[in-house]
Each structure stands twice: as structure tokens, then as C-alpha cells.
Amino acid sequence: MAALKINLRNERFEPLLVLEQWHQVRAEQGECPGAAECIFIGRMRPKASDGSPLVALELEHYPGMSEQQLLLLSSTCCNRHGVNSALVQHRIGKVLPHEAIVLIAICANQRGEAQRCCQELLEALKHEAPFWKREWRADGSAEWINGNTPF
């Protein structure tokens, strides 16, 4: 069973710093890191799908349920691919253009396991995690997003 760390954050975070801290904690706990690591960092796009500029993306969630769902999605993917550990950091609240929204890090014994798990978990978070997203435009208007962008 994989060691999982799931965290929803209302404040801005630096993905590489979070990753370094995660590595340090795992090393202090004597966890074997595995031979392969796959990392994905998702950032807020500065433009909507119609090309208009965005000033923010707001992510709402249902506290408690969201964390439980992220844990379920993560453990399912990790168990399917036999990975050692996973880290998921996800923003909530208002996110500004170019700020990190999500960080996924997967450690496994083989690169294929790490890559497949990271890709699958990313898609699961994108399409199954209970987040409601609203795009804020420069003119002050806002629009809820009905679907997610395909990969």
C-alpha cells in the first residue's frame, strides 16, 4: 500500500519547495523513495477557452468530502500501479494566472509505473474530484465552468 499525502491549500504554494519538504519528511521517516519519480505541476491559464483574459480562477469544494474523494482517487490509482508513495497538493479559493493549482508526485520502482499512475491520477482529479470552478474576467464578470478541458 502506497504512502499518501493529500493536502488542499487555500494559499499560494511553491511546488518545488513542497516537493523538497515531502522528500525530506519521507527520508526522515526512513521511506524508500523508489527508483522513479513522476511529477506534474498544473498552473492557472491566463486565458479562457474563448481566448479572453482571466484575472482569477476560483475553486470551491465541500470540506471533508473533497479530501475523502482525493484520498480514494489517489489510493485507487496508486494500488493499481503498485507505486510506493504519492503527494497531491491542490489549491482551493482564488488562484491567479500562472500560480500552481495542483502538484502530483508519484514515486515507484519503475518509470512506467510512476508515469502511468501520475497520468491516471491527474485525469481522475480533473474529471472526478469534487471542485466547482469559476473563471473571473477583467471586466468583473464571472462564469462557472461546466466541463473540464480535455488532455
Self-check item: Rounded distance [0.5 Å steps], CZ in Phe40 versus CG in Leu122
Solution: 4.5 Å

Exercise. Identify whether Met44 and Val55 are in the same connected component of the hydrophobic contact network (ILVMFWY, side-chain heavy atoms under 4.5 Å).
Key: no

Practice problem: Let me see the working for Leu8 and Gln89 under side-chain contact (heavy atoms from CB on, under 4.5 Å), right down to the final yes or no. | Solution: CA-CA 6 Å; Leu8 296 181; Gln89 293 280 314; over 6 Å; no

Quiz item: Hey, are Arg80 and Glu120 close enough for a salt bridge, meaning a charged N less than 4.0 Å from a carboxylate O?
Solution: yes

Quiz item: Does Pro53 reach the side chain of Arg137, with side-chain heavy atoms less than 4.5 Å apart?
Solution: no

Quiz item: Is there side-chain contact between Asn7 and Val88, with at least one heavy-atom pair below 4.5 Å?
Solution: no

Exercise. Starting at NE2 of His98, measure out to CZ of Arg45 and round the result to the nearest 0.5 Å.
Key: 12.0 Å

Practice problem: Heavy atoms only: give me the nearest Trp22-Ala86 pair and the separation to one decimal. | Solution: CZ2-C, 3.7 Å

Quiz item: Is the count of non-hydrogen atoms from other residues, nucleotides or ligands lying under 6.0 Å from Met65 atom CE greater than 12?
Solution: yes

Quiz prompt | ILVMFWY network linking Ile104 to Leu19, side-chain heavy atoms under 4.5 angstrom | solution = no

Quiz item: Under 3.5 Å, side chain of Ser74 to main-chain N/O of Leu70, donor-acceptor pair present?
Solution: yes

Quiz item: Considering all heavy atoms of both residues, which atom of Pro15 and which atom of Ala100 are nearest to each other, and what is their separation?
Solution: CG-CB, 3.5 Å

Exercise. Report the distance from atom CD1 of Ile101 to atom CZ of Phe131, rounding to the nearest 0.5 Å.
Key: 10.5 Å

Quiz item: Can you get from Phe13 to Val102 by hopping between Ile, Leu, Val, Met, Phe, Trp and Tyr side chains that sit under 4.5 Å apart?
Solution: no

Exercise. Using atom types as modelled and distance alone, determine if a side-chain donor or acceptor of Arg91 lies under 3.5 Å from a backbone N or O of Lys94.
Key: yes

Practice problem: Output yes when Glu128 and Lys126 qualify as a salt bridge under the 4.0 Å nitrogen-oxygen rule, no when they do not. | Solution: no

Quiz item: Is Glu99 reaching over with its side chain to a backbone N or O of Leu96, donor-acceptor style, under 3.5 angstrom?
Solution: yes

Exercise. Look only at the side chain of Ser52 and the backbone of Ala48, and say whether a donor-acceptor pair between them is shorter than 3.5 Å.
Key: no

Quiz prompt | Euclidean distance, Leu73 CG relative to Leu121 CG, rounded to 0.5 Å | solution = 7.0 Å

Exercise. Given side-chain contact (heavy atoms from CB on, under 4.5 Å), test His61 with His90 step by step and report yes or no.
Key: CA-CA 11 Å; His61 77 298; His90 206 295; over 6 Å; no

Practice problem: Answer yes or no: does atom CD of Glu31 have more than 12 heavy-atom neighbours from other residues, nucleotides or ligands under 6.0 Å? | Solution: yes

Practice problem: For the residue pair Leu103 and Leu87, establish whether any side-chain heavy-atom pair is separated by less than 4.5 Å. | Solution: yes

Self-check item: Nearest-0.5 Å distance, NE2 of residue His81 to CD of residue Gln119
Solution: 10.0 Å

Quiz prompt | Any Met1 side-chain heavy atom under 4.5 Å of Cys78 side chain | solution = no

Quiz prompt | Ion pair Glu143/Arg134, N-O distance below 4.0 Å | solution = no

Quiz item: Taking 4.0 angstrom as the limit, do Glu113 and Arg111 come out as a salt bridge?
Solution: no

Quiz item: In Å and rounded to the nearest 0.5 Å, what is the CD to OG distance from Glu60 to Ser66?
Solution: 10.5 Å

Practice problem: Take Lys133 and Trp144, measure what side-chain contact (heavy atoms from CB on, under 4.5 Å) needs, and give me the verdict at the end. | Solution: CA-CA 6 Å; Lys133 301 172 186 175; Trp144 289 100; 5.7 Å; no

Quiz item: Given the rule in the side-chain hydrogen bond (donor to acceptor under 3.5 Å, both in side chains) test, do His23 and Glu37 qualify, once you have shown the distances and angles that lead to the verdict?
Solution: CA-CA 11 Å; His23 285 155; Glu37 188 168 20; 2.7 Å; yes

Quiz prompt | Nearest atoms (heavy-atom pairs only) where Cys107 meets Val83 | solution = O-CB, 3.4 Å

Quiz prompt | Heavy-atom side-chain proximity of Arg43 to Pro97 below 4.5 angstrom | solution = no

